[in-house]
Amino acid sequence: MTEQLFVEHSLNWTGGTGFRVRVLDNEPTADNPPVAAIYGEPADDCLVRIHSRCVYSEILGSVDCDCHDQVQQAKELITAAGTGVIIYLDQEGRGAGLLAKARGYVYSQLHEADTFTSYRALHLPADSRDYAAAADLLESLGLTRVTLLTNNPEKVKALESRGIIVKREPSIVPVSDPARAYLEAKREQGHLIPSLTDS
């Protein structure tokens with residue numbers, strides 16, 4: 001395993017104390033490198049959430065997706081458990097970037113299409129995210145087994161390809177009607193989400 005370089009410090013937050021932040025320093029030229037929010041003293045089988053940036057929900061309060069609520073749920077579960085890790089990746093718009101995401105929104109609203117259809121129409125990959133940095137951060141913490149809060153099988157595969165044993169825990173939160181349509185589209189793309197059309 002390659003030695004992982006990082007910068008780490010404690011963090012004051014609204015819940016009190018306990019979180020520390022580890023920023024990956026493998027690529028010094030990166031403006032927004034991957035970061036891990038570490039609660040307590042993580043050990044094998046602890047809860048882990050790998051989360052990609054979503055400006056619309058996390059900053060602007062959009063309810064078109066479940067991103068904000070998923071990361072909040074992860075924080076609550078991890079603090080209740082007493083330990084765990086949230087890894088935050090700067091991979092807006094399923095890796096395509098914020099501008100591509102905005103263009104996808106425009107197409108979706110004009111054509112009443114889901115975001116996967118919009119990305120195809122704009123000749124964008126459905127999902128170009130990469131989770132190697134998440135594995136780097138977990139390895140830097142000495143973790144070889146994790147309980148991963150996710151509905152995305154690609155995250156599981158990415159960690160397993162690095163030799164990390166994964167137990168998947170679904171990440172299901174209450175959602176708005178627009179988000180239900182988004183999640184249904186993700187389910188059709190292979191995400192492990194129960195059908196929302198009958199509930």
Side-chain angles (χ1 to χ4, degrees), residues 1-61 65-101 127-150 152 154-169 171:
M1 180 181 72
T2 304
E3 181 183 3
Q4 302 301 335
L5 303 177
F6 55 83
V7 177
E8 185 171 309
H9 60 86
S10 61
L11 187 72
N12 295 314
W13 65 295
T14 54
T17 60
F19 270 108
R20 64 186 193 276
V21 171
R22 178 172 292 194
V23 180
L24 203 60
D25 193 25
N26 285 2
E27 300 178 31
T29 58
D31 292 331
N32 296 296
V35 57
I38 306 158
Y39 191 74
E41 298 298 331
D44 277 342
D45 301 313
C46 70
L47 289 172
V48 171
R49 167 73 186 169
I50 299 173
H51 191 85
S52 296
R53 186 183 80 165
C54 179
V55 167
Y56 289 177
S57 70
E58 295 162 3
I59 305 300
L60 302 179
C65 65
D66 60 344
C67 300
H68 171 270
D69 290 338
Q70 279 191 317
V71 76
Q72 291 302 313
Q73 178 197 62
K75 186 188 295 183
E76 292 168 7
L77 290 172
I78 285 169
T79 54
T83 187
V85 183
I86 298 173
I87 295 175
Y88 195 81
L89 304 174
D90 188 19
Q91 298 189 136
E92 185 79 48
R94 299 196 299 271
L98 184 56
L99 184 57
K101 178 177 178 174
D127 192 335
S128 56
R129 287 175 293 178
D130 183 277
Y131 303 109
D136 289 343
L137 282 163
L138 294 174
E139 288 175 354
S140 80
L141 291 165
L143 298 176
T144 60
R145 301 190 311 270
V146 298
T147 302
L148 189 64
L149 295 163
T150 189
N152 186 348
E154 293 305 314
K155 293 179 182 179
V156 176
K157 291 177 186 176
L159 296 189
E160 289 180 337
S161 73
R162 291 283 292 270
I164 298 172
I165 298 170
V166 178
K167 175 186 175 184
R168 189 185 73 85
E169 189 74 28
S171 179

Looking at side-chain heavy atoms only, is the closest gap between [X] and [Y] below 4.5 Å?
X      : Y      : answer
Pro33  : Asp25  : no
Arg168 : Thr147 : no
Tyr56  : Leu98  : yes
Thr144 : Ile164 : no

Any donor-acceptor pair under 3.5 Å from [X] side chain to [Y] backbone:
X     : Y      : value
Glu8  : Val23  : no
Arg49 : Leu149 : yes
Ser57 : Cys65  : no

Looking only at heavy atoms, what is the nearest atom pair of [X] and [Y], with distance?
X      : Y      : value
Leu89  : Tyr131 : CD1-CD2, 3.8 Å
Lys101 : Val55  : NZ-N, 4.5 Å
Asp44  : Arg145 : OD1-N, 3.1 Å
Tyr88  : Cys54  : OH-N, 3.9 Å
Thr150 : Val156 : CG2-CG2, 4.1 Å
Val166 : Leu159 : CG2-CB, 3.7 Å

>> Between Ser171 and Gln70, is there a side-chain donor-acceptor contact under 3.5 Å, judged purely by atom types and distance?
In response: yes
>> Can a side-chain donor-acceptor contact be found between Arg22 and Ser140 if the only test is distance below 3.5 angstrom?
In response: yes
> Can you name the side-chain hydrogen bond (donor to acceptor under 3.5 Å, both in side chains) partners of Arg94, sequence neighbours left out?
Replying inline: Thr115
>> Let's go through Val85 and Val146 carefully: what are the C-alpha distance in whole Å and the side-chain angles of both, what is the deciding distance for side-chain contact (heavy atoms from CB on, under 4.5 Å) to 0.1 Å, and is it a yes or a no?
In response: CA-CA 10 Å; Val85 183; Val146 298; over 6 Å; no
Answer yes or no: is there an ion pair linking [X] with [Y], defined by an N-O contact shorter than 4.0 Å?
X      : Y      : answer
Glu41  : Arg20  : yes
Lys157 : Glu154 : yes
Glu58  : Arg53  : no

>> One pair to check against side-chain contact (heavy atoms from CB on, under 4.5 Å): Lys167 and Asp45. What are the steps and the verdict?
In response: CA-CA 8 Å; Lys167 175 186 175 184; Asp45 301 313; over 6 Å; no
Rounded to the nearest 0.5 Å, what's the gap from [atom1] on [X] to [atom2] on [Y]? Could you check?
X      : Y     : atom1 : atom2 : result
His51  : Lys75 : NE2   : NZ    : 10.5 Å
Thr83  : Tyr39 : OG1   : OH    : 9.0 Å
His68  : Ile59 : NE2   : CD1   : 9.0 Å
Asp66  : Gln73 : CG    : CD    : 9.5 Å
Leu137 : Ile50 : CG    : CD1   : 9.5 Å
Leu138 : Cys46 : CG    : SG    : 7.5 Å

>> If you apply the rule side-chain contact (heavy atoms from CB on, under 4.5 Å), what do you find for Leu141 with Ile38, and how did you get there?
In response: CA-CA 9 Å; Leu141 291 165; Ile38 306 158; 3.8 Å; yes
> salt bridge (Lys or Arg N to Asp or Glu O under 4.0 Å): which pairs involve residues 76-89, sequence neighbours left out?
Replying inline: none
>> Evaluate Ile86 against Val35 for side-chain contact (heavy atoms from CB on, under 4.5 Å), listing each step before the verdict.
In response: CA-CA 8 Å; Ile86 298 173; Val35 57; over 6 Å; no
> Can you name the ring-ring contact (aromatic ring centres under 6.0 Å, His included) partners of Phe6, sequence neighbours left out?
Replying inline: none
